[in-house]
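What follows is a structure written as structure tokens; I'll ask about it next.
Positions are given from 1, in the same order as the sequence printed here.
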Amino acid sequence: MTTVLVLNSGSSSLKYQLVDPASGEALAGGIVERIGEANGRVKHEAKGEEIVRDLPVPDHGEALRIVMGLFDEVGPSLAEVGIAAVGHRVVHGGEVFSAPTLIDDDVVAGVRDLIPLAPLHNPANVTGIEVARELLHVPHVAVFDTAFFTTLPKAASTYALDREVAAEHGVRRYGFHGTSHQFVSSAVAAHPAVVEKLAAEGRGPETLRQVVLHLGNGASASAVLGGAPVDTSMGLTPLEGLVMGTRSGDLDAGIVFHLIREGMSAEAVDTLLNKHSGILGLSGVGDMRELQQLVASGDAGARLALDVYLHRLRKYVGAYTAVLGGIDVLTFTAGVGENDRRIRSGVVHGLKFLGLTIDPAANEARSDEPRVISAGAAEAPLVMVVPTNEELAIARQAMDLVEA
């Protein structure tokens with residue numbers, strides 16, 4: 001067996017998964033939470049059992065040492081599973097990193113230089129990389145959230161700012177959740193129903209027009225033509241685009257200046273838009289399950305939050321259908337997209353003019369497999385649910401690079 005340890009270092013957390021990239025099996029995984037706080041928590045799952053421990057985790061170094069200890073104590077033993085590489089999720093690669101990259105000191109310095117573009121994420125990514133390189137003496141590979149979108153057409157990636165200012169400060173649309181969008185759009189293209197649809201219409205895979213909705217606490221949309229992205233909703237940062245759990249998504253930039261002139265600091269506005277807006281700001285809860293419960297109870301604020309959320313989603317599906325010149329597949333993925341049937345039906349409602357429909361029974365069914373949930377005629381666009389697996393995607397990209 002050959003495995004890859006996938007690490008996702010957040011500002012106060014460390015998520016990890018040990019993956020067999022050949023079979024796609026996750027042999028173990030977990031999360032270390034509340035790093036740097038007095039009371040941390042570690043959850044480690046292996047062999048169908050979950051170990052939960054509360055203990056101090058002062059920094060990422062200690063977090064990774066705790067994880068290594070759990071592999072030794074609970075299993076599987078890292079010495080016996082043939083680790084070939086460590087794959088690191090890195091949020092922002094800027095215009096420097098456009099593909100999975102073997103990590104050396106220069107790469108670490110490059111990720112550190114991009115901190116101004118991702119001040120909430122890249123510092124933790126750098127820390128996680130540095131600690132892991134000290135403890136695990138195997139090749140380390142950085143897989144960048146922005147990489148899939150580095151080939152966006154200039155018309156999609158360019159903001160209408162003064163071009164010299166934009167160039168000086170690296171301002172462009174970078175896009176995020178790229179690993180997920182790439183994994184899901186590739187799975188869609190290979191699905192038998194999609195292959196059959198294209199063949200029946202006498203078309204090749206290079207003509208496949210997809211809109212992918214990655215809906216979790218963070219949310220993003222992409223338009224993918226023939227496997228290549230042509231637009232995406234997140235921009236310079238993950239703040240732009242869809243309404244999210246705590247992020248506002250699209251808004252008039254003048255709101256920022258208005259709030260600052262009214263006395264809020266730039267830092268306070270940043271916190272407002274990233275951590276106290278979106279579903280949380282409109283309803284008081286940031287979790288979609290809690291929001292649905294409030295809606296069912298008749299809460300007017302929750303109903304408005306849901307309406308705003310769905311309105312933004314439908315608007316993006318319509319806009320991206322125009323960008324693509326039509327739509328062949330609309331795909332839902334990530335926590336909300338995969339599990340909330342009401343969100344899926346709410347998005348498709350009102351888009352019948354695009355040929356999009358949902359089969360209620362198929363929409364109700366739960367499955368871990370990619371599936372079609374539409375009910376239209378053979379020539380109509382498909383609506384699909386495709387579970388994302390960013391850890392597997394990172395593991396396979398890391399392994400491909402190491403083998404090459």
Answer yes or no: is there a donor N or O on one side and an acceptor on the other, between the side chain of S248 and the main chain of S277, under 3.5 Å?
no
Any donor and acceptor pair, going by atom type alone, linking the side chain of T158 with main-chain N or O of A155 inside 3.5 Å?
no
Y16 to L70 - nearest heavy-atom pair and separation
OH-CD1, 4.4 Å
Are any non-hydrogen side-chain atoms of L102 and V141 less than 4.5 angstrom apart?
yes
Any donor-acceptor pair under 3.5 Å linking the side chain of R344 with the backbone of G337?
yes
Just one of S220, S180, S233 clears the side chain to side chain donor-acceptor pair (under 3.5 Å) bar with H214, so which one?
S180
Between H44 (side chain) and E49 (backbone), is there a donor-acceptor pair under 3.5 Å?
no
Are N122 and V91 close enough, and set up right, to give a side chain to side chain contact (heavy atoms under 4.5 Å, CB included), and what steps lead you there?
CA-CA 6 Å; N122 273 34; V91 168; 4.1 Å; yes
So does E33 pair up with R41, basic N to acidic O under 4.0 Å?
no
Any side-chain to backbone donor/acceptor pair from R133 onto I129? Under 3.5 Å, distance only.
no
In sequence, state the C-alpha distance, the side-chain angles, and the governing distance for I103 and V111, and then conclude on side chain to side chain contact (heavy atoms under 4.5 Å, CB included).
CA-CA 10 Å; I103 296 173; V111 174; over 6 Å; no
Considering all heavy atoms of both residues, which atom of E201 and which atom of A378 are nearest to each other, and what is their separation?
OE2-O, 4.4 Å
Is the side chain of N274 donor-acceptor paired with the backbone N or O of D270 at a distance under 3.5 Å, no angle test?
yes
Under a 3.5 Å distance rule, please check whether H88 uses its side chain to pair with a backbone N or O of V90 as donor and acceptor.
no
Hey, are N217 and R247 close enough side-chain-wise for a donor-acceptor pair under 3.5 Å?
no
Calculate, to the nearest 0.5 Å, the distance between atoms NE2 and CD belonging to H140 and E130 respectively.
12.0 Å
Out of curiosity, D20 CG to T2 OG1, how far, rounded to the nearest 0.5 Å?
7.5 Å
Given Q210, K197, R203, the one that forms side chain to side chain donor-acceptor pair (under 3.5 Å) with D328
R203
How far apart are the closest heavy atoms of I83 and V138, and which atoms are they?
O-CG1, 3.8 Å
Side chains of L55 and I66 in contact at under 4.5 Å (non-hydrogen atoms)
yes
Among L5, V81, L27, find the residue that satisfies the side chain to side chain contact (heavy atoms under 4.5 Å, CB included) test when tested with F71.
L5
Between L198 and P205, the two heavy atoms sitting closest are CD1-CA, 3.9 Å
Y174 six-ring face occupied by R172 cation (under 6.0 Å, within 45°)
yes
Is a side-chain donor or acceptor of T127 paired with a backbone partner of P123 at a separation under 3.5 angstrom?
yes
Given side chain to side chain contact (heavy atoms under 4.5 Å, CB included), test V347 with L310 step by step and report yes or no.
CA-CA 6 Å; V347 171; L310 292 172; 3.9 Å; yes
Residue that, paired with R209, satisfies side chain to side chain contact (heavy atoms under 4.5 Å, CB included) out of V224, V323, L225
L225
Could you tell me whether the side chain of R173 and the main chain of T232 form a donor-acceptor pair under 3.5 Å?
yes
When the aromatic ring centroids of H92 and F176 are compared, is their separation below 6.0 Å?
yes
Residues K15 and E390 bridged, charged N to O under 4.0 Å:
no
Side-chain (D104) to main-chain (V107) donor-acceptor, under 3.5 angstrom
yes
For I279 and V243, which heavy atoms make the closest approach, and how far apart are they?
N-CG1, 4.1 Å
In short, A28 meets G75 closest at the heavy-atom pair CB-O, 4.5 Å
Flag side-chain contact, heavy atom, 4.5 Å: L215 against D340:
no
Would you check, one step at a time, whether the test side chain to side chain contact (heavy atoms under 4.5 Å, CB included) holds for T321 with V317?
CA-CA 6 Å; T321 299; V317 173; 4.2 Å; yes
